[in-house]
Amino acid sequence: MTTRPNFLRLSALDISTMGASQPAPDSKVVTRFAPSPTGFLHIGGARTALFNYLFARHHGGAFRLRIEDTDRARSTDAAIAAILDGMTWLGLDWDGDVVYQFARAARHAEVAHDLLARGHAYRCYATAEELTALREAQRAAKQPMRYDGRWRDRTDWPEDQPHVIRLKAPREGSVTITDLVQGPVTVANAELDDMVLLRSDGTPTYMLAVVVDDHDMGVSHVIRGDDHLNNAFRQLAMIRLLGWPEPHYAHIPLIHGTDGAKLSKRHGALGVDAYRDELGLLPEAVENYLLRLGWGHGDAEIISRAEATEWFGLEAVGRGPSRFDLKKLENINGHYMRAADDARLVALIAPRVVTALGRELTAADNDLLQRSMPELKKRSPNLNDLALGALFYLRSRPIPMDDGAAKLLASATPGVLAGAYARLAGVTDWSTATLEEQVRALADEFGLKLGQAAQPLRAAVTGSSQSPGLFDVMETLGRDETLGRIDDVITGRAG
RNA sequence: GGUCCCUUCGUCUAGCGGUCUAGGACGUCGCCCUUUCACGGCGAAAACACGGGUUCGAUUCCCGUAGGGAUCACCA
């Protein structure tokens, strides 16, 4: 187990004791989220973005967004749109314009040629077949597979032959990165080979592009997935050859699936749009869950954006990978559902309700929905369930009865519904208190327990055996609709 | 295979040498509330991977072992 650098704790202490009047030391913090647009914004990327966002905001710095589209074959506009959409949905607003990496290819090439001119890079004329053969041989000999530097010191360059530009990385010594999450990590230079900077077609590789862009964008803290840790050493070698300031690094552990295997596109990793559209989750819930995955602040579980911004720090980021737990996400979502504004929820479920109903919503429908929200949202873990649960309010008479309702009606004490109708029809003050009073009196009259009278009524009024409190439902539905639905069952029009 | 990283309840985590008979949350189970379903309340079972050190004292520090992960492209 590695130890974290002491300055980490010291700086954390400084920050907490400095107070608001001391922004200067943090003002240069610049982080960035740099996804490649080869697919949707998945859950792991979203968390990386969140951590970068929170770190920047905590320090009053800037959070930038850069699209790494140098792989022309795999990058798509649809993916770019999905990433931007996901970021917006999560409320991860970035500073400045989005940087498109491919547009900066000329600058990347310029840096590569500068390195070449200064003797820190060289031309390599090895062909793809040659390199493949080299790797085959190395694997057969059980040698580590890496470029052997065959063109490193040659100058007998063939005329008009395609070649790449490789970095002339140091071969002696070692590089140590004081990672803000992982602690000090050292790798011998002998383990690193000379990476390609410019491809034979003159386009920059990712390795070159990140280094140049991070530098040009003034990125002070590179916070990214653990899978980039190995890259950091080669990038640092380039930065040192370039003589540029070194950024701080923080490599956060990856998110695994429920089974402990790496989360990949075909293995549990959904785009954030799926969490919104298919699972019906609220962005603040996804954010809260993601925040707690790999980071903690004492016993805090429900954490607001403001609290997260105040508390977030790299020193509290865990170092082991964590598993994705949908159950917990749903639980947290339930919490935010209950806390959500009624009108907002109505707007969010409207499209789902329209689809299920097969018709547009009227002003009366929206009013009904609005009034049913306080009770409905208490029992819905997500938007899908909320929409489903709201349907019965809007159905036209006679409403359909589900199996549970049919069963309740079939076993109901004969006459209770008619008795209920008679009593309720006489109610002038249509309120939950009066309604309950009447139904209790009804139960007494028939010598039944309250439930034996209430359940058949619930079935008649909601078409289901499960619903919000019966008297709340009746009040929200109103006198005419309630009485009508009960009458439908009594007369056999429904059920 | 080489290199690098990781390891506290099933899961996410708190813990930064004694406060640990290891805390919280999700999930699970039980009870209460109750007109159903939820919500809510109370309670229970449930973990320091293993082996050596260091120390008066290790969950906490060091070294091994085991297990897991990442990475080894003219992809990012």
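The basis for the numbers below is simple: all heavy atoms, side chains too, and nothing from hydrogens, waters or symmetry mates. All chains are named by letter (A, B, ...) in the order of the sequence lines, taking the proteins before the strands, and each is independently numbered beginning at 1.
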- Message: How many whole angstroms separate atom CH2 of A/W295 from atom P of B/A25?
- Response: 17 Å
- With sugar-phosphate meaning primed atoms plus P, OP1 and OP2, does A/D201 contact a base, only sugar-phosphate, or nothing at under 4.0 Å between heavy atoms? nothing
- Query: With a non-hydrogen cut-off below 4.0 angstrom, is A/E301 in contact with a base, only sugar-phosphate, or nothing?
  - Reply: base
- Query: Looking at A/F102, is A/R72 sitting on its ring face, NZ or CZ under 6.0 Å from the six-membered ring centre and within 45 degrees of the normal?
  - Reply: yes
- Distance-only polar pair, side chains of A/E172 and A/N189, donor-acceptor under 3.5 Å: no
- Query: Want to settle it: does A/L198 or A/G298 sit nearer the 5' end of RNA chain B, counting the closest nucleotide to each?
  - Reply: A/G298
- Query: Atom CE of A/M145 and atom P of B/C72: how far apart are they, to the nearest Å?
  - Reply: 10 Å
- Message: Under 3.5 Å for both donor-acceptor distances, Watson-Crick or wobble: does B/C56 have a partner, and if so which one?
- Response: B/G18
- Task: Quick one: look up who B/U71 pairs with, Watson-Crick or G-U, both distances under 3.5 Å, and put none if it's unpaired.
- Result: B/G2
- Note on the structure: Whole-Å distance, A/R379 CZ to B/U35 P, equals 14 Å
- Task: Go ahead and name the base partner of B/A25; Watson-Crick or wobble counts if both distances stay under 3.5 Å, otherwise write none.
- Result: B/U11
- Query: Is the phosphate of B/C6, meaning OP1 or OP2, less than 4.0 Å from a side-chain N or O of A/R319?
  - Reply: yes
- Task: For A/I255 and B/C12, give me the distance from atom CD1 to atom P, rounded to whole Å.
- Result: 11 Å
- Query: Roughly how many Å is it from CZ in A/R139 to P in B/G2, rounded to a whole number?
  - Reply: 15 Å
- Query: What integer distance in Å separates A/L409:CG from B/U35:P?
  - Reply: 20 Å
- Query: Looking at A/Y147, does the NZ or CZ of A/R166 lie under 6.0 angstrom from its six-membered ring centre and within 45 degrees of the ring axis?
  - Reply: yes
- Item | Separation of B/G24 C1' from A/I303 CD1 (nearest whole Å) | 12 Å
- Message: Assess, by modelled atom type and distance only, whether the side chains of A/Q455 and A/R458 contain a donor and an acceptor separated by less than 3.5 Å.
- Response: yes
- Phosphate OP1/OP2 of B/A25: any A/N331 side-chain N/O under 4.0 Å: no
- Test: A/R64 cationic atom under 6.0 Å from A/W94 six-membered ring centre, within 45° of axis: no
- Looking only at B/A76, B/C74, B/G69, the nucleotide nearest the A/H256 side chain is B/G69
- Does B/U35 have a Watson-Crick or wobble partner in any strand here, with both distances under 3.5 angstrom, and which is it? none
- Query: How is A/M195 classified with respect to the nucleic acid when contacts are heavy atoms under 4.0 Å: base, sugar-phosphate, or nothing?
  - Reply: nothing
- Query: Rounded to the Å, how far apart are A/I302 CD1 and B/C39 P?
  - Reply: 14 Å
- Item | Side chain A/S322 and base B/C12 donor-acceptor under 3.5 Å | no
- Query: Taking the same atom, C1', in B/C39 and in B/C33, what whole-Å distance lies between them?
  - Reply: 11 Å
- Which of B/C26, B/A76, B/C5 is nearest the side chain of A/D325? It is B/C26
- Ignoring backbone atoms, test whether A/R166 places a side-chain nitrogen or oxygen under 4.0 Å from the OP1 or OP2 oxygen of B/C74. yes
- Query: Between A/Y289 and A/F324, what is the ring plane arrangement, given parallel below 30°, perpendicular above 60°, and tilted in between?
  - Reply: perpendicular
- Taking for each residue the nucleotide of RNA chain B bearing the nearest heavy atom, is the 5' side occupied by A/A454 or by A/G320? A/G320
- Task: Report which part of the nucleic acid A/P468 touches: base, sugar-phosphate, or nothing (heavy-atom distance under 4.0 Å, all strands).
- Result: base
- Task: Return the nearest nucleotide to the side chain of A/T205; candidates are B/A76, B/C12, B/G27.
- Result: B/A76
- What interatomic distance, in whole Å, is found between C1' of B/A46 and the corresponding atom of B/G24? 14 Å
- Message: Would you measure the distance from the P atom in B/A22 across to the matching atom in B/C31 and give it in whole Å?
- Response: 27 Å
- Message: Please confirm whether the shortest side-chain N or O distance from A/R440 to OP1 or OP2 of B/U35 is below 4.0 Å.
- Response: yes
- Query: Under 4.0 Å between a side-chain N/O of A/T38 and OP1 or OP2 of B/A76, yes or no?
  - Reply: no
- Side chain A/D69 and base B/A76 donor-acceptor under 3.5 Å: no
- Item | Complement of B/G51, any strand, by Watson-Crick or G-U distances under 3.5 angstrom | B/C63
- Message: If the cut-off is 4.0 Å, is A/R135 near the phosphate of B/C74, judged by side-chain N/O to OP1 or OP2?
- Response: yes
- Query: For A/S431 and A/T434, does a side-chain donor sit closer than 3.5 Å to a side-chain acceptor?
  - Reply: yes
- Message: Students often get this wrong, so: under 4.0 angstrom with heavy atoms, is A/V164 touching a base, only sugar-phosphate, or nothing?
- Response: base
- Message: Should the side chain of A/R323 and the base of B/U11 be counted as holding a donor-acceptor pair, with the cut-off at 3.5 Å?
- Response: no
- B/A76 base stacked by A/H228? Criteria: ring centres under 5.5 Å, plane angle under 30°. yes
- Message: Tell me whether the side-chain N/O atoms of A/R292 come closer than 4.0 Å to OP1 or OP2 in B/U11.
- Response: no
- Item | Distance-only donor-acceptor check, side chains A/H251 and A/D226, under 3.5 Å | no
